[in-house]
Amino acid sequence: MFRTHDCGELRLDNVNESVTLSGWVSNKREMGPFLFMVLYDRYGETQIVFEDSKIIEEAGKCSLEDVVQVTGFVRDRGDNRTDRYKTGDVEVIAEEFILLSKSKPMPYDHRKDTAEAIKLKYRYLDIRKSEVKNYLILRHNITRTVSNYLDKLGFLNIETPILTKSTPEGARDFLVPSRITKHSFYALPQSPQLFKQLLMVGGMDRYYQIAKCFRDEDLRADRQPEFTQIDIEMSFADEDDIMGIAENMIREVFREVKGLDIPEVPLMTYAYAMNNYGSDAPDTRYDMKLITLDPVFENSSFEAFKNAANDESQIIKGIVVEETAEEFSKNKIKRIEKDVQSDGAQGLAFIKNINGEIESPLAKFFSDEEKNALIEKIPVNGTMLLAAGKKNVILKAMGNLRKRMAAEKNLVSNDDYAFVWITEFPAFEYDEENDKWNAVHHPFTDFDLNEALAAKDRSTVLSRAYDLVINGHEVGGGSVRIHDFEKQKEVFKFIGISEEEAKEKFSFLLDGLTFGAPPHCGLAFGLDRLVMLLAGTEAIRDVIAFPKTTSASCLMSEAPSGVTKAQLDELYIKLSE
RNA sequence: GCGGUCGUAGUUAAGUCGGUUAUAACGCCGGCCUGUCACGCCGGAGGCCGCCGGUUCGAGUCCGGUCGACCGCGCCA
């Protein structure tokens with residue numbers, strides 16, 4: 001037997017017991033006739049004391065990170081207790097020592113802030129010694145909670161293929177050449193979307209999967225080419241049903257891993273979110289909403305504002321930062337303005353309320369009426385930052401400014417969680433470059449086709465989609481699907497996908513819809529981001545056991561790599577320069 | 001594809017205005033130490049200054065290129 005207890009287990013209750021521990025040597029201190037050794041594993045650390053000269057000689061030969069087994073008895077540390085580790089009240093007096101496995105010296109010092117490249121090359125050591133270990137445990141606890149919860153509600157865990165058909169829409173596909181079918185390729189799934197809908201046609205009713213998804217796009221701190229979704233689909237259900245189940249699932253996760261009870265998640269329309277937060281994924285932990293100033297400046301003598309106020313396609317938005325009037329130096333505002341301009345806005349104006357009086361470079365343009373309207377919106381000693389211009393540009397720029405100001409003013413804490421459902425998304429968005437309307441969501445998302453056919457302005461048509469947003473992150477999203485074959489055909493036509501194109505790409509789904517597709521809807525959560533949120537980390541690689549670098553390679557396995565000519569020949573592939 | 005930051009012993013860093021033998025800490029090796037816990041003390045080994053080229057009497061240092069890590073833009077539901 002290798003161990004009777006793990007390295008985090010022993011307490012005063014165990015004193016005088018004979019125990020066997022196995023683990024890695026995290027520290028070794030020779031002290032005259034004593035040898036202290038600390039053993040660790042993923043559960044904790046325990047101090048071992050060697051007192052007999054014979055066993056000291058034996059144990060003294062081992063080095064840090066060797067794997068050893070120690071048998072001995074538990075002793076109260078008395079005056080030498082420590083709270084450095086959970087087992088710090090006791091120690092094990094070694095009677096028997098076995099070296100199970102040697103270790104080379106560690107290639108880096110885990111206590112120091114080491115270059116990411118080195119930690120990624122020795123990822124297994126980083127898992128053993130860093131916070132990554134705890135993130136992986138957290139990740140397991142989340143997926144276990146999800147599985148248990150969904151299982152209780154009758155959801156079936158069904159795997160969908162990893163070798164699938166390429167559908168060159170959205171992200172780039174990872175391609176896998178076929179050996180058996182000459183000159184043909186599989187694609188790795190960007191998501192199991194079509195398969196889960198067909199599982200509904202197959203009568204599986206309630207499906208879920210912890211699904212690996214692949215997208216061949218460039219990486220970010222929060223984006224990896226392979227990532228995981230908690231993928232859910234259910235039949236005979238509408239948005240109320242699926243959102244209720246998803247919300248309770250997330251509630252269960254937060255209760256299980258954080259001990260937090262999440263109150264009912266409020267609903268917010270897309271239009272409200274954009275208008276008040278400048279984002280479709282608003283961080284509602286703090287207020288600082290975007291204020292519409294068009295009515296204030298309708299008759300302004302400041303031309304830029306007057307024009308924007310009277311132009312349908314333009315808007316004037318402000319945010320109020322409280323109690324900072326004297327903090328806002330010229331330089332600081334210049335710096336803030338730069339950020340806003342990099343988001344496309346022309347410029348940034350500011351108005352301070354100094355003891356009830358307006359102070360601003362623009363003050364000379366403002367009428368008394370305007371000043372009164374403004375002063376009402378700005379608390380004493382507060383500052384309003386404002387910008388005017390094209391609606392979508394200003395909303396985005398001011399939305400980002402709101403986030404930056406909140407971060408700067410420390411309005412957000414990682415221990416707070418604010419949830420909101422975003423609903424009533426527009427079904428279409430205007431593509432200025434190509435002068436046409438594009439579907440915002442995938443083409444299987446349901447919307448009112450009759451309304452859309454009648455609408456002059458497609459921007460008012462709403463889709464039956466919904467997103468769950470936590471602390472400004474879109475954590476999950478989904479939609480009610482089109483289950484009627486005729487409607488799906490018409491929708492393809494309406495959104496500009498030809499019959500041939502639809503057949504070529506989605507014929508198997510379209511076929512399926514002709515054989516009695518039940519009404520169904522679904523949703524997918526980004527597992528990696530959910531874990532990040534609960535772990536309080538900004539880097540997605542922290543929550544993935546073996547992540548890729550920003551150039552999409554694995555420094556440990558050295559993937560991707562070249563292959564032999566024989567392998568390529570079998571696949572009928574010739575490489576070009 | 002583009003922009004930014006970085007690259008010096010195994011690791012983390014210092015290295016002045018371009019000038020003698022490239023420093024330190026941790027780790028490693030050897031020795032000492034009666035309660036250590038990032039133990040302490042003494043000694044030692046360890047370098048293609050990422051790589052290629054250029055400027056110069058002379059380059060870790062200046063210039064150009066290239067490779068890699070990270071952050072962002074484009075891209076990405």
| Under 4.0 angstrom, heavy atoms only, what part of the nucleic acid is A:Thr550 near: base, sugar-phosphate, or nothing? | base
| note | Rounded to whole Å, the CG-P distance (A:Leu219 to B:A69) equals 10 Å
| Protein-nucleotide distance (A:Glu558, atom CD; B:G68, atom C1'), rounded to Å | 13 Å
| remark: With the side chain defined as heavy atoms from C-beta on, A:Asn80 is closest, among B:U36, B:C33, B:C28, to B:U36
| Spacing of the P atoms in B:G58 and B:G72 (rounded, Å) | 44 Å
| Which residues satisfy the ring-ring contact (aromatic ring centres under 6.0 Å, His included) test with A:Tyr272, sequence neighbours excluded? | none
| query | When we call it a touch if two heavy atoms are under 4.0 Å apart, what does A:Ser63 touch: a base, just sugar-phosphate, or nothing? | reply | nothing
| Are A:Lys487 and A:Asp446 within salt-bridge range, i.e. N to O under 4.0 Å? | yes
| field | Atom-pair distance (CD on A:Glu45; C1' on B:U36), nearest Å | value | 14 Å
| Does a salt bridge link A:Asp109 with A:Arg111, judged by any charged N lying under 4.0 Å from a carboxylate O? | yes
| said: Nearest to the side chain of A:Glu51, heavy atoms from C-beta on, is which of B:G35, B:A77, B:G27? | reply: B:G35
| request: Decide, applying a 5.5 Å centre-distance limit and a 30° plane-angle limit (both strict), whether A:Tyr108 stacks on B:U11. | output: no
| message | Please report the distance separating the P of B:A13 from the corresponding atom of B:G53, rounded so that it comes out in whole Å. | response | 29 Å
| Which residues share a ring-ring contact (aromatic ring centres under 6.0 Å, His included) with A:Phe506, sequence neighbours left out | A:Phe444, A:Phe492
| To the nearest 0.5 Å, how far apart are OG1 in A:Thr550 and CD in A:Gln224? | 9.5 Å
| Interatomic distance, A:Phe214 CZ vs B:C76 C1' [rounded to whole Å] | 16 Å
| Which part of the nucleic acid, if any, lies within contact of A:Glu538, taking any heavy atom under 4.0 Å across all strands shown: a base, the sugar-phosphate backbone alone, or nothing? | nothing
| What is the nucleic acid contact for A:Arg541, judged by heavy atoms within less than 4.0 Å: base, sugar-phosphate only, or nothing? | sugar-phosphate
| P atoms of B:C42 and B:U20, separation to the nearest Å | 29 Å
| Atom CE of A:Met106 and atom P of B:U11: how far apart are they, to the nearest Å? | 13 Å
| task | Could you work out the separation of B:U11 and B:C49 based on their C1' atoms and round it to a whole Å? | result | 16 Å
| task | Measure from the side-chain heavy atoms of A:Met31 and tell me the nearest of B:U34, B:A77, B:C26. | result | B:U34
| message | Under 4.0 Å from OP1 or OP2 of B:A69: is there any side-chain N or O of A:Ser553 that close? | response | yes
| request: Could you give the distance separating B:C52 and B:C67 at their C1' atoms, to the nearest angstrom? | output: 10 Å
| remark: With sequence neighbours left out, the residues meeting salt bridge (Lys or Arg N to Asp or Glu O under 4.0 Å) with A:Lys212 are A:Glu226
| task | Would you tell me if any nitrogen or oxygen in the side chain of A:Arg111 comes within less than 4.0 Å of OP1 or OP2 on B:U11? | result | no
| field | A:Pro107 side chain, from C-beta outward: closest of B:G35, B:C76, B:G10 | value | B:G10
| remark: A:Arg77 has its side chain closest, among B:U11, B:U36, B:A77, to B:U36
| message | Base, sugar-phosphate or nothing for A:Pro33? Non-hydrogen atoms, less than 4.0 Å. | response | base
Extract from the structure each pairing of a protein N or O with an N or O of nucleotides 1-3 of chain B at less than 3.5 Å, listing the distance.
| from | atom 1 | to | atom 2 | distance (Å) |
| --- | --- | --- | --- | --- |
| B:G1 | O6 | A:Asp218 | OD2 | 3.1 |

| task | Could you tell me how the ring of A:Phe447 sits relative to the ring of A:Phe494: parallel (under 30°), tilted (30 to 60°) or perpendicular (over 60°)? | result | tilted
| Integer-rounded Å distance: B:A13 P and A:Asp113 CG | 7 Å
| query | If you look at every strand shown and take non-hydrogen atoms under 4.0 Å, does A:Gln224 touch a base, only sugar-phosphate, or nothing? | reply | nothing
| note | Counting only Watson-Crick and G-U wobble pairs with both atom distances below 3.5 Å, the stems of 3 or more consecutive pairs that include RNA chain B are B:1-7 with B:67-73, B:10-13 with B:23-26, B:28-32 with B:40-44, B:50-54 with B:62-66
| said: Once hydrogens and angles are ignored, does a donor-acceptor distance under 3.5 Å link the base of B:C33 to the side chain of A:Arg29? | reply: no
| request: Calculate, to the nearest 0.5 Å, the distance between atoms CG and CG belonging to A:Leu395 and A:Asn392 respectively. | output: 7.5 Å
| query | Within the structure shown, what part of the strands sits under 4.0 Å from A:Arg172 by heavy-atom distance: base, sugar-phosphate, or nothing? | reply | sugar-phosphate
| Hey, does A:Asp216 reach any base, or is it just sugar-phosphate, or nothing, if we go heavy atoms under 4.0 Å? | nothing
| Thinking salt bridges, do A:Arg139 and A:Asp528 make one under a 4.0 Å N-O criterion? | yes
| query | Salt-bridged, A:Lys129 to A:Glu65, with N to O below 4.0 Å? | reply | yes
| said: With heavy-atom distances below 4.5 Å as the criterion, would you say the side chains of A:Arg223 and A:Ile540 are in contact? | reply: no
| note | Rounded to whole Å, NZ of A:Lys28 lies from C1' of B:G35 at a distance of 18 Å
| Taking atom P in both B:G65 and B:C71, what distance in whole Å separates the two? | 25 Å
| field | Short side-chain N/O contact from A:Ser191 to OP1 or OP2 of B:A77, under 4.0 Å | value | no
| query | Which whole number of Å gives the distance between the P atom of B:U61 and that of B:G44? | reply | 30 Å
| said: Once you apply a heavy-atom cut-off of 4.0 Å, does A:Arg215 come out as touching a base, just sugar-phosphate, or nothing? | reply: sugar-phosphate
| When rounded to the nearest Å, what value does the distance between C1' atoms of B:G27 and B:G10 take? | 7 Å
| Which salt bridge (Lys or Arg N to Asp or Glu O under 4.0 Å) pairs, counting each pair once, include a residue from residues 23-35 of chain A, with sequence neighbours left out? | none
| Within the structure shown, what part of the strands sits under 4.0 Å from A:Thr445 by heavy-atom distance: base, sugar-phosphate, or nothing? | nothing
| field | Side chain A:Gln47 and base B:U36 donor-acceptor under 3.5 Å | value | yes
| note | Here the distance between atom C1' of B:G35 and atom CZ of A:Arg84, to the nearest Å, is 12 Å
| request: May I have the step-by-step check of ring-ring contact (aromatic ring centres under 6.0 Å, His included) for A:Tyr40 and A:Tyr85, ending in yes or no? | output: CA-CA 10 Å; A:Tyr40 80 103; A:Tyr85 21 88; over 10 Å; no
| task | Classify the side chain of A:Glu91 and the base of B:G35 as holding, or not holding, a donor-acceptor pair under 3.5 Å. | result | yes
| Looking across every strand, which nucleic acid part, if any, lies under 4.0 Å from A:Ile118 by heavy atom: base, sugar-phosphate, or nothing? | sugar-phosphate
| request: Give one of base, sugar-phosphate or nothing for A:Val440, where a contact means two heavy atoms less than 4.0 Å apart. | output: base
